[in-house]
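One structure is given here, and the rest of the page talks about it.
Quick caveat: nothing in here was measured; it's all calculated off a predicted structure.
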Amino acid sequence: AAPVGSTGCSILSLSCCTGLVTVPGAVGLVDVFRKAEAVPAIARAAVALGAGCLWLQEGIISNEAAGIARKGGLQVVMDRCIRKVHEHMGPGLE
């Protein structure tokens with residue numbers, strides 16, 4: 001996992017990449033914690049990278065971004081907390 005944020009920031013002791021294009025290696029899932037207005041651009045970047053899934057956290061819904069991502073072959077999840085979904089599904093999913 002490689003978090004993406006502003007220059008010089010860190011998340012969970014991991015240095016942030018400054019954008020999706022700077023993430024090293026393959027990107028399987030793009031987990032978004034941004035306002036809905038920012039998500040279409042993120043969806044376009046995720047498609048360009050060949051990510052597998054665009055996941056929008058609770059409270060984030062963007063039909064435009066979902067359309068961009070789906071057209072680019074990505075799976076889309078909106079308005080769901082990835083942690084809550086993982087906990088609901090139970091142990092053994094790591």
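Listed here is the closest heavy atom pair of Ala43 and Ala65: CB-O, 3.6 Å. Here the shortest heavy-atom pairing between Val77 and Cys53 reads CG2-SG, 4.4 Å. Nearest approach of Val39 to Ser62, heavy atoms of both residues: CB-CB, 4.2 Å. Between Val47 and Ala69, the shortest heavy-atom contact is CG2-CA, 3.9 Å.
The CG atom of Leu74 sits 9.0 Å away from the CG atom of Leu29 when rounded to the nearest 0.5 Å. Atoms CZ and NZ, from Arg44 and Lys71 in turn, are 11.5 Å apart once rounded to the nearest 0.5 Å. Considering CD of Glu87 and SG of Cys81, their distance stands at 7.5 Å, rounded to 0.5 Å. Phe33 CZ to Ile82 CD1: the interatomic distance, rounded to the nearest 0.5 Å, is 8.0 Å.
Contact check for Leu54 versus Val32: side-chain heavy atoms found under the 4.5 Å cut-off. Using a 4.5 Å heavy-atom threshold, the side chains of Arg34 and Ile42 count as touching.
Applying the side-chain contact (heavy atoms from CB on, under 4.5 Å) test between Glu58 and each of Lys84, Arg83, Arg80 identifies Lys84 as the sole match.
Within a 6.0 Å sphere centred on CD of Gln75, heavy atoms belonging to other residues, nucleotides or ligands number 12 at most.
In this structure, the side chain of Asp79 engages the main chain of Gly59 through a donor-acceptor pair within 3.5 Å.
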